[in-house]
Trainee: 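Structure below; questions to follow.
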Amino acid sequence: MKADPSQDVLARVVREHAGRLAASLVSLLGDFSAAEDLVQDAVETALRRWPVEGVPERPDAWLFTVARRRGLDVLRRESNHRAKLARLRRPAPAARDDRLRLIFTCCHPALSRAAQIALTLRVVCGLSAAQIAAAFLVPESTVAQRITRAKRKIGEAAIPYRIPAEQELPQRVNEVLAVIYLLFNEGYLSSTAERAQARDLVDDAEWLAALLANLMPKEPEAAGLLALIRLHRARGAARFDPDGRLVLLADQDRSLWDRQAIEDATALLTRAARAHRRAGPYQLQAAIVACHAEAESFAGTDWAQILVLYDMLLHLAPSPVTRLHRAVALRHVQGPEAALAELEELGQALERYPLLHATRAELLRSLGRREEARRADERALKLTANPAQHALLERRLAWD
Amino acid sequence: MKYVLMFVETEEFAQKLEAMGELEQQAAYAAVGQWFADHADKITHHTHLAPVHTATTVRPGQGEPVVTDGPFVEGKEVVSGFAEVEVADLDEALRIARSWPACPVVEIRPVS
């Protein structure tokens with residue numbers, strides 16, 4: 001199949017309908033693995049035929065018909081599936097609950113994180129093992145094996161196909177959000193060299209977050225994560241210079257930011273926060289990014305507000321990395337000495353974290369302690385494996 | 001669906017239990033008793049194993065089976081007992097295992 005611009009459109013249509021189809025087939029058949037095989041079959045047929053025949057008017061019905069016919073073929077060969085056969089003959093569209101059940105099953109805590117991710121991309125987003133492998137730079141056989149193993153465990157260990165009970169729901173939603181956030185970070189933070197492939201993951205993460213926010217309108221953290229992803233994406237055009245080099249927030253050309261997208265995402269966040277009054281880590285992170293995104297200039301950033309948000313975030317989800325980010329805000333509110341003191345306390349926990357040393361270098365440089373700054377930058381350079389960060393640090397050392 | 005919950009003891013846990021006063025120990029045992037009572041309708045079978053120093057391992061390989069003193073894996077963590085439960089699915093088995101009040105590790109395995 002040759003690559004053409006319609007590929008993107010096809011990928012979107014497939015993603016939109018593969019998860020829906022999987023959800024309805026799993027609930028029809030009660031067999032996760034069989035349903036998943038039927039979906040993959042239908043998706044592959046679509047990707048082969050649509051570029052030639054054009055995208056059908058109702059892609060979901062088309063995919064369902066192909067999957068159903070194939071399912072009937074398979075079932076006919078097995079005699080003890082009469083009941084399921086009868087159910088397949090009466091097609092029903094996937095209900096909202098079916099898709100949610102599907103997502104929760106793919107992200108069940110009894111599966112490894114790697115398996116949760118692979119399974120979600122495969123079953124909910126309709127990606128092939130080859131596409132998942134390319135995005136994560138791992139061999140296709142590894143991905144295929146993970147998916148096979150996960151599906152076997154779902155069947156043999158009887159991982160239930162359902163939305164978790166009320167008392168379990170908060171923890172299980174967090175599990176799902178963590179998977180989506182991880183996908184987003186994997187795509188967003190990947191280095192420039194891998195950007196072409198990585199962009200797909202950011203797309204998938206945004207799509208999944210939107211789907212979840214849509215399916216769980218009473219879960220403000222789902223809206224928070226969606227807003228967070230959209231706010232980051234809205235500033236995407238300014239993150240790299242024309243040579244593909246990473247540009248720091250302070251140096252970004254803010255006219256390249258998508259103001260409309262920023263406004264929309266901020267509005268989404270505000271609506272969710274007002275309607276539910278249940279702050280969570282994703283809403284707070286989104287609120288911090290919104291503060292940055294709404295500022296006319298780096299100097300005009302509302303650092304005091306950002307500092308308050310970081311304090312709330314630390315209260316809900318304490319982490320040394322969050323403390324490090326808070327220290328950057330602290331610098332703009334109380335000055336570099338106060339921030340530096342925070343960093344010294346964090347040194348132990350984040351000794352091998354390149355951003356700690358890079359941040360320290362900046363603070364030291366602003367205090368005129370050039371030699372120490374240089375050593376801190378060199379330490380950061382040694383610790384980072386990310387080519388974009390590498391290039392940035394090297395440029396900084398060269399200016400010194 | 002039947003599952004076996006395997007209770008895994010660690011050295012640290014054994015030492016903590018050892019170091020407890022008599023009342024504390026009684027309370028710990030009572031918590032275990034209560035757990036069995038709470039889930040009695042789901043537990044089809046359970047047993048506590050004698051300490052690991054009583055274990056003997058047989059490896060019936062090629063030729064004469066090899067018999068050795070001790071468990072099949074020497075380790076700081078050992079299975080100290082198990083309970084078989086009959087429940088709807090893994091989530092229900094997980095809920096029961098989460099409420100286990102004693103040793104710090106429980107492995108859940110479906111009975112095939």
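Lettering of chains follows the sequences in order, A, B, ..., and the numbering in each one begins at 1.
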Trainee: Determine the minimum heavy-atom distance between B:Met1 and A:Glu156, stating which atoms define it.
Mentor: CE-O, 3.0 Å
Trainee: Check each atom of B:Arg109 against the heavy atoms of chain A and say whether the ones under 4.5 Å are side chain, backbone, both or neither.
Mentor: neither
Trainee: Give a yes or no on whether A:Gln167 atom CD has more than 12 heavy-atom contacts from other residues, nucleotides or ligands under 6.0 Å away.
Mentor: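 It does: A:Gln167 CD has more than 12 such atoms within range.
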Trainee: Using the test side chain to side chain donor-acceptor pair (under 3.5 Å), find all partners of A:Gln145 that sit at least two apart in sequence or belong to another chain.
Mentor: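 Checked A:Gln145 against side chain to side chain donor-acceptor pair (under 3.5 Å); zero matches.
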Trainee: More than 12 non-hydrogen atoms from neighbouring residues, nucleotides or ligands closer than 6.0 Å to CZ on A:Arg113, yes or no?
Mentor: yes
Trainee: Give, as side chain, backbone, both or neither, the part of B:Ile108 having an atom under 4.5 angstrom from any heavy atom of chain A.
Mentor: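 Neither part, no heavy atoms under 4.5 Å.
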Trainee: Search all heavy atoms of B:Leu90 against all heavy atoms of A:Ala110 and return the closest pair with its distance.
Mentor: CD2-CB, 3.5 Å
Trainee: For A:Ser319, check side chain to side chain donor-acceptor pair (under 3.5 Å) against everything at least two apart and list the hits.
Mentor: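 Checked A:Ser319 against side chain to side chain donor-acceptor pair (under 3.5 Å); matches are A:Thr322.
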Trainee: Are more than 12 heavy atoms from other residues, nucleotides or ligands located less than 6.0 Å from atom CZ of A:Arg352?
Mentor: no
Trainee: Checking B:Asp91 against A:Arg172 for the side chain to side chain contact (heavy atoms under 4.5 Å, CB included) test, could you report, in this order, the C-alpha distance in whole Å, the side-chain angles of both residues, the deciding distance, and whether it holds?
Mentor: CA-CA 12 Å; B:Asp91 275 2; A:Arg172 294 287 308 277; 3.8 Å; yes
Trainee: What are the two closest heavy atoms between A:Ala157 and B:Pro110, and how far apart are they?
Mentor: CA-CG, 3.5 Å
